[in-house]
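What you see is a predicted model; the values in this text were computed from it and never measured. Every chain is numbered from 1 and lettered A, B, ... according to where its sequence line falls, protein lines coming before strand lines.
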Amino acid sequence: MDVTALLDPLNDAQREAVGGPPGHTLVVAGAGSGKTRVLVHRIAWLIQAEGVSPFGILAVTFTNKAAGEMRERIEALVGLPATGMWVGTFHGLAHRLLRQHHAEADLPKNFQILDSADQQRLVKRVLQEQGLDESSWPVRQVQGFINARKDDGQRPADIDHRGDPYHRTLLELYRAYEEACRRAGVVDFAELLLRAWELWRDNPGILDHYRRRFRHILVDEFQDTNAIQYAWLRLLAGDSGTVFAVGDDDQSIYGWRGARVENIRRYSQEFPDVVTVRLEQNYRSTGHILGASNQLIARNPERLGKELWTETGHGEPVRIYDAFNENEEARFIGRRIQQWVEGGGRRDECAILYRSNALSRVLEEVLVHSGIPYRIHGGPRFFERAEIKDLLAYLRLVASRDDDPSFERVVNTPSRGIGERTVDNLRQIARERGLTLWATAWEAAGNGQLGARATKAIQRFLTTIEELEQAIDGLSLAEQVETARQHSGLADHYLQKEKGERGQARVDNLDELVSAARAFELDPGDVDTEDLLGAFLTHASLEAGEAQAAAGEDCVHLMTLHGAKGLEFPLVFIAGMEEGLFPHRMALEDGNRLEEERRLCYVGMTRAMSELYLTRAESRRLHGREGHTRPSRFLTELPEEHVESVRPGRAPSAPAAAPAPDTEVGEGVTLGQRVHHPTFGEGVIIDCEGDGPRARLHVNFDDAGLKWLVASHANLTPAG
DNA sequence: TAAACGGATTTTTTT
DNA sequence: AATCCGTTTA
């Protein structure tokens, strides 16, 4: 086998990383430097040049998408299916371990997974059981506390509340929540990781088995690992395994959910003889874009240090556009995209990025208005939709009767006369006797302690589930889901409850779930085919699915800056470059968070291949309030030599509301006219908004530059 | 049980 | 402005 072919297409740094000795390696990979390529080639190198068996390789990523891509590319490169290799997300791999060793992990065989919405409901339940007031103990905060502790590897017993009553209560809640999970046989996301780590910690035999097997561990996006993930890797590597870590400290944007950038540094200190390779040649962006990005991120202290460079030319400077308000900002972006398309570009080469989702609305309006197809990334995901989760809850109950959250979810959905009172009674009995809701319901239905009416209703529910289990036995997965769909009566329920399109959309989604099951059946991937339903339920929990099916149409992409990580587009806009919005006001107080905002800006900028626009609105209406804004500090941090302020000049297609030239726009001046202002001097009126005395004029002053002025206060006189 | 009202909230999100 | 959540009301 000619392994040099693996190295040939690489640059020197990439080659060093891929073909280096099979020891600990840290690859500091800048944006657009070919990091995935290095990871994939490294694996191929291990197999083909070092003679490592795929069975000995474990590669871990953060998203299913990344894992899928990696597997695909490895197989394409190696030329055969990489059987035996473990490639997956931290959560996916942890789940796999826990399934395999459920007894040692003290979990039921069919344990179900809670997503964060499920977890939130359960935390709320626990709060109510403890008789705590939700306004003093906000569910989200309690949930956040529990997750943060788990992300740090701490169980209630590991935490010292030091007599602080607030802390003590949180601890009690953590305990009670754990107990509720245990009873119901459910596990949340953070628990998957913590439990998998504990499994190894407490079972040396099992750990040893995996240590012997996985001598080669590769980690993508290392800067996003949290404490427990790091600990998990460390445990697995032991003294014999090698870790190949790829990451970029400058792209660490998930600190707020427990990611620890410092794991990169820690890794190179704690593991012996780590070879560090820097990938600094960028294959994505032009010189100007890179220059501006480099200098922005250089403002952050405490970096590992790295400066991207490119062989490509300077290209176009980064352009900054100051709009009068958010409408005008959106119109500018729309216009620019239209030009791009008229110039032969495709719409899907364009992306509009923003700090928070609230900004997408105006942009959408303008795009709709201009007839530009677009697609918003983010938003509710398929498997997270209420109707989908309802139907899955029926199936979960079939798979595991103890699953209390699922029981609660559908016991009265569709309504079958089991009210809050009845469920409350069940809950109370269950708690007193330490039983699950299902067991309690079963018993209560037998001894009639709930009253005739409720008993009957409960019996109906119990029968529904039991019959469903009978009915799906021996069926194919898709048929099972279809059967559950019918038995549940959810379709009629939603049609009746939500008239018109909304209800129908829900029903369509239920049908879609059947299709998803069919697709899963045909290609279940690397899972246990003995229990397809169980695997499908796991899939639904661990892989939330894209929000919208990828439309075939050529669409402009709209997404948050976080959502853009890992992507690239020829033409990129970052909208809302304003203090308080970006950097977000929640991050202004804290230096660390501010640095993270700056990294976020860096991530956004480095998405752009050939053109980058940073736009802002001088006045913005947000959450119903209109306010004046200040330009983002990030704008002022950009070096002049790479940046150009855009003068709209004669707009190629006039803004929607703008009158034709020569129309009087107020106070005896017209669009296009040369005017004089007492302070700013002479300039040309290039645009206007509104009419009458409140009209606002956009004037391009010779010296003072672009200004928006209110016509009635501007004191403009015709210049001549 | 569901509609209707009122109040608070409003960063980012994967698993 | 819009949405979500809890409470009140019919």
**Message:** Does A/Thr560 contact B/dT13 through a side-chain donor or acceptor facing the base, at a distance under 3.5 Å?
**Reply:** no

**Complete:** Exactly one of A/Arg620, A/Arg630, A/Arg616, A/His628 clears side chain to side chain donor-acceptor pair (under 3.5 Å) with A/Glu578, and that residue is A/Arg620

**Request:** Using a cut-off of strictly less than 4.0 Å between a heavy atom of the residue and any atom of DNA chain C, enumerate the qualifying residues of residues 128-148 of chain A by number.
**Result:** A/Glu134

**Asked** Between B/dT13 and C/dC4, how far is it from one P atom to the other, in whole Å?
**Response** 16 Å

**C/dT3 to B/dT14 separation - C1' atoms, rounded to the nearest Å** = 24 Å

Side-chain touch [X]/[Y], heavy atoms, less than 4.5 angstrom:
X	Y	value
A/Phe461	A/Asn412	no
A/Lys109	A/Asp531	no
A/Phe573	A/Val556	no
A/Leu233	A/Phe222	yes
A/Tyr267	A/Tyr230	yes
A/Leu114	A/Pro405	yes

Distance, rounded to the nearest Å, where [X] contributes [atom1] and [N] contributes [atom2]:
X	N	atom1	atom2	value
A/Trp232	B/dT15	CH2	P	16 Å
A/Glu365	C/dA1	CD	P	12 Å
A/Tyr254	B/dT13	OH	C1'	6 Å
A/Glu543	B/dT13	CD	C1'	14 Å
A/Arg195	B/dT15	CZ	C1'	17 Å
A/Glu384	B/dT15	CD	C1'	10 Å
A/Asp118	B/dT14	CG	C1'	15 Å
A/Arg416	B/dA2	CZ	P	13 Å

**Prompt:** OP1 or OP2 of B/dT15 less than 4.0 angstrom from a side-chain nitrogen or oxygen of A/Asn64, does that happen here?
**Reply:** yes

**Request:** Ignoring backbone atoms, establish whether A/Lys124 has a side-chain N or O less than 4.0 Å from OP1 or OP2 of C/dG6.
**Result:** yes

**Complete:** Side-chain atoms of A/His91 come closest, of B/dT1, B/dT15, C/dT3, to B/dT15

**Request:** Remember a base hit wins even if backbone is also touched, and classify A/Gly563 as base, sugar-phosphate or nothing at under 4.0 Å, heavy atoms.
**Result:** nothing

**Request:** Answer with base, sugar-phosphate or nothing: what part of the nucleic acid does A/Ser116 contact at a heavy-atom distance below 4.0 Å?
**Result:** base

**Request:** Measure centre to centre between the rings of A/Phe520 and A/His539, then say whether the value is under 6.0 Å.
**Result:** yes

**Message:** Can you build the contact string for nucleotides 4-11 of chain B? Use B for base contact, S for sugar-phosphate-only contact, and - for no protein heavy atom under 4.0 Å.
**Reply:** ------BB

**Request:** Kindly indicate whether a cation-pi arrangement holds for A/Arg381 with A/Phe383, taking the cut-offs as under 6.0 Å to the six-membered ring centre and within 45° of the axis.
**Result:** no

**Message:** Is there a side chain to side chain contact (heavy atoms under 4.5 Å, CB included) between A/Trp86 and A/Arg96? Walk through the geometry before answering.
**Reply:** CA-CA 10 Å; A/Trp86 277 27; A/Arg96 192 169 176 169; 3.2 Å; yes

